[in-house]
Amino acid sequence: MNMQRLDPHRLLVLANFSMVLGLLLLLLGIAGAYVFDHHLMLGTIVASHALVILGPTALKIGYVMRLLAQRHLALSA
């Protein structure tokens, strides 16, 4: 199996993107689940509640990826 190491700079960009995406998903989920819930259909409200869980998950995964990228950058310096 050919496993290539991911470039730390590329991992950092991917981690930042994941963190921003997670924050946007969380904010969208909060808006749909708690702010505009009386204007939305039931399926949309259920999806919004799912985003309240998936958003912080993406945020946490992005944070761990960012820590890993920063560690690799510090070790290579």
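Below, all heavy atoms of this structure are taken into account, side chains as well, without hydrogens, waters or symmetry copies.
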task: Sort and list the pairs that fulfil ring-ring contact (aromatic ring centres under 6.0 Å, His included) and have at least one residue in residues 38-77, not counting sequence neighbours.
output: Tyr34-His49
- request: Give the cluster check for Val46 versus Leu54: same hydrophobic cluster or not, with ILVMFWY residues linked at side-chain heavy-atom distances below 4.5 Å.
  value: no
task: Check Gly22 against Ala58 and note the closest heavy-atom contact, atom names and distance.
output: CA-CB, 3.8 Å
- prompt: Roughly how far apart are Ser76 OG and Arg71 CZ, rounded to 0.5 Å?
  reply: 11.5 Å
Smallest separation among heavy atoms of Leu12 and Ala69, with atom names: N-CB, 3.8 Å
field: Partners passing side chain to side chain contact (heavy atoms under 4.5 Å, CB included) against Leu14 (at least two apart in sequence or in another chain)
entry: Met65
field: Co-membership, hydrophobic cluster, residues Val35 and Leu28, 4.5 Å side-chain
entry: no
- prompt: What is the distance from atom CG of Leu73 to atom NE2 of His9, rounded to the nearest 0.5 Å?
  reply: 5.0 Å
- prompt: Quick one: CG on Leu21 to CG on Asn16, what's the gap to the nearest 0.5 Å?
  reply: 12.5 Å
query: Taking the side chain from Thr44 and the backbone from Leu40, do they hold a donor-acceptor pair closer than 3.5 Å?
result: no
query: Roughly how far, to the nearest 0.5 Å, is the CD1 atom of Ile53 from the CG atom of Leu25?
result: 12.5 Å
field: Distance-minimising heavy-atom pair for Ser48 and Ala33
entry: CB-N, 3.5 Å
message: Under the criterion side-chain contact (heavy atoms from CB on, under 4.5 Å), I'd like the reasoning laid out for Leu26 against Ile30: C-alpha separation, chi angles, the key distance, then a yes or no.
response: CA-CA 6 Å; Leu26 174 62; Ile30 289 172; 3.9 Å; yes
- request: Kindly write out the residues that satisfy side-chain hydrogen bond (donor to acceptor under 3.5 Å, both in side chains) with Asp37, not counting sequence neighbours, or none if the list is empty.
  value: none
- request: Establish whether Phe17 and Leu51 are linked, either directly or via other cluster members, by ILVMFWY side-chain heavy-atom contacts under 4.5 Å.
  value: yes
